[in-house]
Amino acid sequence: MKNDYEFIDGTRLSSVIEALIFASDEPINGSKIREIIVENEEQIEITEETVSEFVDKLNERYDENQLSFRIQKLGGGYTFVTEQKYHYWLSIFQHENAYRKLSQSAIESLAIVAYRQPITKPEVDQIRGVDSGYILRQLMEKALIEVSGRADSPGKPLLYRTTKHFLRHFGINSVDELPKPREIDEILKDDDMAEHRQLLMERQLMIDEMDEEDSHPLQGIVEEMLEEKQEDEGSVQKEGNDKVSDEPDEEVNKNNESDANEEE
């Protein structure tokens, strides 16, 4: 680049300006760029117009090399932007990122489909206890599940299964790699895993608050399902104990009535 000042370490003025614009989180104006350079290099004196000229030369170099970005002045400062002709591809990428955000209801329904596939909507509704039509449509729009046929049951309801995009989304090669319910059950019963489970729960809460999904959400749903199952089994056992405890009371009442008759 013509008249491009070279610093003592071999870097060029144009590269310094480029680096400052690239590293700035917000558009950086020419005055700030000039201030940084002049205050840290006694041998050079530049103006805001000089900064603007170097930005133009940088953009010329980007065009000559057919690069996908350029420096643009926005809000009174310089920032990097992608060329207009690449916006279509960026929109696809941004749409893909939107797929990664799933609500708790969507994760719950997706876990049911993943572990019970192929499965019908009425079966999903029965497990969840609520209508899942809207959630299933959302999962289909996100290409995480698809229709795999119709069941032989009355009404011929649609069957749903997970897609290849589902595998990519969760970073697995096959649904066989999903944790087995009995494996999770064994982990839950292991007292040595109590501290580990607590850390996982705290991490999941933190991730939910930050709207991130770095951990495997399906495993959390299965854990909740197993815990609910254990609670239900505990309730049934308690009811059985109550019935047993009633029998001695009835026997005592009969003995009391017999003693009263004898006294008469």
Side-chain angles (χ1 to χ4, degrees), residues 1-103 107 141-144 164-173 196 198-217 220:
M1 190 175 290
K2 188 177 180 180
N3 300 325
D4 195 355
Y5 180 84
E6 184 176 357
F7 294 93
I8 192 170
D9 60 357
T11 58
R12 295 282 182 177
L13 176 59
S14 61
S15 298
V16 172
I17 293 174
E18 181 182 44
L20 290 172
I21 297 172
F22 180 80
S24 178
D25 294 332
E26 298 178 353
I28 182 172
N29 57 46
S31 175
K32 183 63 175 177
I33 294 174
R34 174 194 171 279
E35 179 184 337
I36 293 173
I37 294 173
V38 172
E39 287 185 357
N40 292 276
E41 178 57 54
E42 297 178 355
Q43 303 299 322
I44 187 173
E45 177 60 44
I46 61 173
T47 64
E48 292 183 41
E49 289 73 19
T50 304
V51 173
S52 179
E53 290 174 2
F54 272 100
V55 168
D56 290 339
K57 291 180 179 180
L58 285 168
N59 281 329
E60 288 176 6
R61 188 174 69 185
Y62 300 155
D63 290 337
E64 290 172 0
N65 290 276
Q66 297 183 347
L67 300 182
S68 61
F69 54 84
R70 61 181 289 106
I71 298 173
Q72 187 172 330
K73 198 168 188 178
L74 295 173
Y78 298 104
T79 187
F80 275 92
V81 298
T82 52
E83 293 278 20
Q84 181 72 32
K85 59 184 176 181
Y86 297 103
H87 287 186
Y88 166 74
W89 300 104
L90 292 179
S91 67
I92 295 176
F93 170 73
Q94 291 166 353
H95 193 53
E96 283 277 334
N97 270 349
Y99 287 162
R100 292 193 168 273
K101 295 184 178 180
L102 296 174
S103 67
I107 294 173
E141 289 175 1
K142 295 179 183 295
L144 293 170
K164 291 182 178 179
H165 182 71
F166 166 85
L167 301 178
R168 292 194 299 271
H169 183 95
F170 291 101
I172 57 178
N173 295 311
H196 181 63
Q198 182 63 30
L199 290 173
L200 287 176
M201 290 175 65
E202 291 175 357
R203 175 173 171 76
Q204 187 63 44
L205 287 173
M206 180 181 67
I207 290 172
D208 290 341
E209 291 174 357
M210 298 176 64
D211 291 328
E212 296 178 354
E213 296 185 356
D214 294 334
S215 64
H216 206 302

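Computation of the quantities below employed the complete heavy-atom set of this structure, encompassing side-chain atoms and omitting hydrogens, waters and symmetry-equivalent molecules.
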**Student:** Check the pair Ser24, Glu26 against side chain to side chain donor-acceptor pair (under 3.5 Å), reporting the backbone distance first and the verdict last.
**Tutor:** CA-CA 5 Å; Ser24 178; Glu26 298 178 353; over 6 Å; no
**Student:** Taking all atoms of both residues into account, what is the closest heavy-atom pair of Ile36 and Asn40, and its distance?
**Tutor:**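 Nearest heavy atoms, Ile36 then Asn40: O-ND2, 2.7 Å.
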**Student:** How long is the gap from CD1 on Ile17 to CD1 on Ile37, to the nearest 0.5 Å?
**Tutor:** 4.5 Å
**Student:** Out of curiosity, Lys164 NZ to Leu167 CG, how far, rounded to the nearest 0.5 Å?
**Tutor:** 9.0 Å
**Student:** Measure up the Phe80 and Phe69 rings against each other and bin them: parallel (under 30°), tilted (30 to 60°), perpendicular (over 60°).
**Tutor:** perpendicular
**Student:** Could you pull out the closest heavy-atom pair between Pro27 and Leu74, with the gap in Å?
**Tutor:**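 Shortest heavy-atom separation between Pro27 and Leu74 comes out as CB-O, 3.3 Å.
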**Student:** Show the nearest heavy-atom pair for residues Glu48 and Ser31, with the distance to one decimal.
**Tutor:** OE2-CB, 3.5 Å
**Student:** Please report the closest heavy-atom contact between Ile28 and Leu20, naming both atoms and the distance.
**Tutor:** CG2-O, 4.3 Å
**Student:** Are a donor atom and an acceptor atom from the side chains of Glu18 and Tyr78 found within less than 3.5 Å of each other?
**Tutor:**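 Result is no, nothing qualifies.
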**Student:** Is it true that a side-chain atom of Asn65 and a backbone atom of Leu67 form a donor plus acceptor pair closer than 3.5 Å?
**Tutor:** no
**Student:** For the residue pair Ile46 and Arg34, what are the closest heavy atoms and their distance?
**Tutor:**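 What the structure gives for the nearest pair is O-NE, 2.8 Å.
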**Student:** Identify the heavy atoms of Val16 and Thr11 that sit nearest to each other, and give their distance.
**Tutor:**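 The pair with the smallest heavy-atom distance is CG2-OG1, 4.2 Å.
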